[in-house]
Every structure is written in C-alpha cells, then in structure tokens.
Amino acid sequence: MDFTHQKEFTRLLLDWHRKENRREMPWKGIRDPYRIWLAEIILQQTRVEQGREYYERFVEAYPTLADLAAAREEEVFRLWQGLGYYNRCRNLLHTARELMKSHGGVFPKNYEELLSLKGIGPYTAAAIASFAFDLPHAVVDGNVLRVLARYFALHTPIDTPAGKKYFTRLANELIPPEEPAIFNQAIMDLGATICKPQAPNCGQCPLNSFCKAFHQRKQEQFPVKLTRKTIRERYFHYLVCWFGDKTIIRKREEKDIWCGLYEFPMIERERLAGKELLLEDPAWKNLLPDGCWELKGITERKQQLTHQLIHARFFYVETTREPRILSPQILVQGKQLHQYAFPGIIVRYLHCVQQPLLL
DNA sequence: AATACGGGGAT
DNA sequence: ATCCCAGTATT
C-alpha cells in the first residue's frame with residue numbers, strides 16, 4: 001500500500017498525546033488484563049460516560065477474574081441491566097469461567113488466543129494485547145476508522161469486512177512496535193476529542209497540516225459507509241398478573257433481542273391487539289382460570305432499538321387464585337423483582353406504574 | 001457480505 | 001429524526 005505522510009502521522013500523533021489532554025478513565029494505564037478486558041467488553045459500542053459506572057460497579061463486585069467466574073448469572077445480568085447488547089454479558093461470564101477452568105485463571109498473552117475467546121473480537125484482542133502485554137497490535141474501532149479515513153482521504157467503506165481488513169492493515173503499518181499501547185490510546189483519544197464524527201475540530205488538530213481530507217475541506221465526507229437501514233416494527237403484549245404480592249415472569253432464552261433478560265408473559269402479534277383477542281390466547285387463558293381475575297388497566301410504551309421499534313402494551317391484571325405456572329415461568333414477589341434484569345421498557349413501566357407493589 | 005444485537009447522548 | 005458510540009457473532 002502506498003500512503004503519503006505515514007511517518008508524520010505517527011510522529012505528530014504521539015507528540016500530541018505526550019502533552020495534550022487525555023481523558024481520565026479508571027481503566028487507563030492499568031496493566032491487569034482482567035480489568036482491561038472487563039472495560040473493553042463494557043465499552044463495545046458504548047460511550048465512555050455510559051460505561052464508566054458499570055465498570056466501577058463490576059470491579060467493586062468482582063475485583064478479580066475468579067470472583068466474576070464464581071458469580072451467579074442472575075446477579076451478573078442484574079449488574080449489566082440497562083447497558084444493552086446482553087450477549088456481551090453472557091459471553092463475559094462464559095469466558096471468565098472458561099479461563100478459570102481451562103487456562104488456570106490466566107489470560108493468554110498473545111493475540112490469536114485472545115481472539116479465540118467468546119466475546120473477544122479483533123478490537124478487544126488488540127486492546128488487551130497492547131495495553132496489558134505491550135504487543136504491537138493496532139486497535140481498530142470507530143475512532144480509528146474515522147481518523148485514518150480522513151487523514152488519508154480513503155474512500156474504502158468502513159462497514160464491510162474488506163474495509164475492516166484494509167484499515168486494520170494500515171493501522172498495523174502505522175503502529176510503532178516499541179510503544180503500541182501509547183499509539184492505540186492516542187489515536188482513540190484523538191478520534192474522541194478532536195476528529196469527532198460531526199463538526200471535527202480540525203483547526204486545533206495536531207495532524208491538520210498533513211490531513212488529506214482537511215486539505216480538500218472534505219473532512220465531513222469521511223469515513224464512507226454503505227448506509228442501509230430497515231426498521232422492523234413489533235408489537236409485544238405483556239400480562240402483568242398479580243396474585244397478592246406475587247407476579248409471573250420468565251427468562252427470554254430464544255435467539256432474539258433481550259436474550260438472558262426477564263419479562264412478563266408476552267404475546268407478540270402483527271399489530272397491537274385488544275384484550276378480547278389476547279385473553280383468548282391459550283398462553284394467557286391457562287394462566288387466568290375463568291372468573292377469578294380482573295383487568296385493572298392497560299398501559300402502552302414504545303422503545304426504539306437499532307433495527308426494531310417495539311410497541312408494548314401492558315395488561316395489568318389481578319387474580320384471586322394462584323396462577324398455574326408453566327415452566328420456565330416463575331412466580332416471584334414484587335419486592336424480589338429487583339433481583340432480575342429486565343429490558344428498559346419493562347423497567348420504566350414498573351417504575352412508573354407499579355411502585356407500591358415493589359416495596 | 002449482510003444482519004442482528006441496546007441504550008443513550010449529541011445535533 | 002438521525003447518527004454514532006473503545007464491536008462481535010451468526011447466517
């Protein structure tokens with residue numbers, strides 16, 4: 001590959017990082033691979049400010065890999081509640097246990113073995129390899145893609161496997177083998193603080209004298225993406241059935257959104273449905289024996305996900321007889337609900353509507 | 001190669 | 001509303 005001003009890129013970036021502001025983060029500069037790993041998993045597709053408190057929470061609850069591996073899954077998911085991308089949480093625990101069981105509780109010290117672990121992809125493997133072990137692997141995240149696409153004015157789309165490979169190879173040409181961690185830290189800091197997605201601060205960018213996109217005043221046109229978007233609309237109907245101070249929940253195990261979280265008995269339909277149709281459905285009818293229940297209220301909420309818009313309708317019902325639970329449903333007390341992790345749409349519903357029952 | 005997977009902040 | 005965030009797994 002032939003790129004102009006490669007040498008200047010690395011030199012100016014490191015010079016800038018040596019003197020300029022660095023964002024303060026609890027995981028910055030640490031060498032413990034466990035905590036680096038934990039931070040990187042939390043930060044996948046997550047803003048630093050959103051992830052920070054989750055990191056603190058996890059370090060407090062599980063100071064070491066062994067502590068995390070020994071934790072109950074329900075508890076770990078409860079700590080993760082609200083962060084999104086819940087497979088990260090499942091893989092986190094899986095890999096913690098895998099490391100304790102098959103690796104003597106020690107992180108592998110090379111890129112390939114790190115990459116083979118569940119939940120660790122190219123970015124996270126490079127982050128652990130460089131930050132914990134000083135290995136010369138360049139991280140390639142959204143910041144890096146943007147900085148490189150602009151500096152070299154590269155039209156290669158960043159959101160394809162081929163594009164990722166292309167930018168990864170470039171980043172690995174630029175990284176100085178003697179201080180990979182500093183380089184990785186610096187390029188992400190630059191992307192986050194100066195080479196921002198919108199309205200980049202090119203005027204005070206340390207690289208502006210060699211930045212090809214800036215020279216063309218086209219910095220906003222990079223990076224190039226193959227935009228595609230289809231939003232699916234879904235209609236969830238929840239039965240919030242109270243028998244005294246107890247209600248029914250179940251864990252979402254299917255391969256779908258919110259896998260691993262809990263929810264109320266739910267019927268999905270092509271469109272919003274009324275109580276007449278839903279209460280005829282065997283799934284709910286069997287839970288509510290004739291004549292001993294009463295519908296007390298209906299609440300609607302929406303939640304926008306990346307590729308789905310969820311319309312939820314909550315049916316608040318009280319019964320005078322104990323519902324006939326079918327596995328994997330469970331009957332829990334309202335005051336125990338806080339032990340389980342729920343999707344945001346349910347958390348907000350409970351918070352606003354069901355306060356007295358939760359105490 | 002395309003798609004799914006969350007939730008929140010910034011504009 | 002739209003974009004994007006210290007990405008990864010699956011099909």
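Everything quoted here is computed from the prediction, not taken from an experiment. So you know, we letter chains A, B, ... as the sequences are listed, proteins then strands, and number each from 1. All heavy atoms count here, side chains included; hydrogens, waters and symmetry mates do not.
- Comparing W258(A) and P161(A), the nucleotide of DNA chain B nearest to each residue sits closer to the 5' end for P161(A).
- One atom, CD of Q198(A), and another, C1' of dA10(B), lie 7 Å apart when rounded to the nearest Å.
- Other residues, nucleotides and ligands contribute over 12 non-hydrogen atoms within 6.0 Å of the NZ atom of K28(A).
- When the P atom is used for both dG8(B) and dT8(C), the distance is 22 Å, rounded to whole Å.
- Under the 4.5 Å side-chain criterion, counting only non-hydrogen atoms from C-beta, R52(A) is not in contact with Y55(A).
- Evaluation of atom-type donor-acceptor distances gives a pair under 3.5 Å for the side chain of Y85(A) against the base of dG6(B).
- Side chain T46(A) to base dG6(B): a donor-acceptor pair is found below 3.5 Å.
- Side chain of A162(A), nearest nucleotide from dA1(B), dC5(C), dT8(C): dA1(B).
- Nearest-nucleotide mapping onto DNA chain B: of K196(A) and P343(A), the residue sitting toward the 5' end is P343(A).
- If you check dA6(C), dT8(C), dG6(B) against the side chain of R88(A), the one that comes closest is dG6(B).
- Between dC5(C), dT10(C), dT8(C), one nucleotide has an atom nearer to the side chain of K255(A) than all others, and that is dT10(C).
- With the nearest nucleotide of DNA chain C identified for both V140(A) and R47(A), R47(A) has the one nearer the 5' end.
- Rounded to a whole Å, the CD atom of Q303(A) is 4 Å from the P atom of dG7(B).
- Distance from the side chain of Q44(A) is smallest for dG7(C) among the nucleotides dA6(C), dG7(C), dG7(B).
- Nearest to the side chain of K28(A), among dA6(C), dA4(B), dC4(C), sits dA6(C).
- The aromatic rings of F315(A) and H237(A) lie tilted to each other, with the angle between the two planes from 30° to 60°.
- A donor-acceptor pair shorter than 3.5 Å can be found between the side chains of R88(A) and T46(A).
- For dA6(C), the OP1/OP2 oxygens have a side-chain nitrogen or oxygen of N143(A) closer than 4.0 Å.
- Picking from dG6(B), dA6(C), dT8(C) the nucleotide with the shortest atom distance to the side chain of L305(A) gives dG6(B).
- Remark: C1' of dA9(C) and NZ of K118(A) are 9 Å apart, rounded to the nearest angstrom.
- When the C1' atom is compared between dA6(C) and dT3(B), the two are found 22 Å apart, to the nearest whole Å.
- In this structure, of dC5(B), dG6(B), dC4(C), it is dG6(B) that holds the atom nearest to the side chain of Q45(A).
- Residue T306(A) places a side-chain atom within donor-acceptor reach of the base of dG6(B), judged by atom type and a 3.5 Å distance cut-off alone.
- Closest approach to the N91(A) side chain among dC5(C), dA6(C), dA9(C) is made by dA9(C) (side chain taken as heavy atoms from C-beta onward).
- The same atom, C1', is picked in dC4(C) and in dC5(B); the two are 15 Å apart, to the nearest Å.
- Ring pair F9(A)/Y151(A) is perpendicular by interplanar angle, where above 60° counts as perpendicular and below 30° as parallel.
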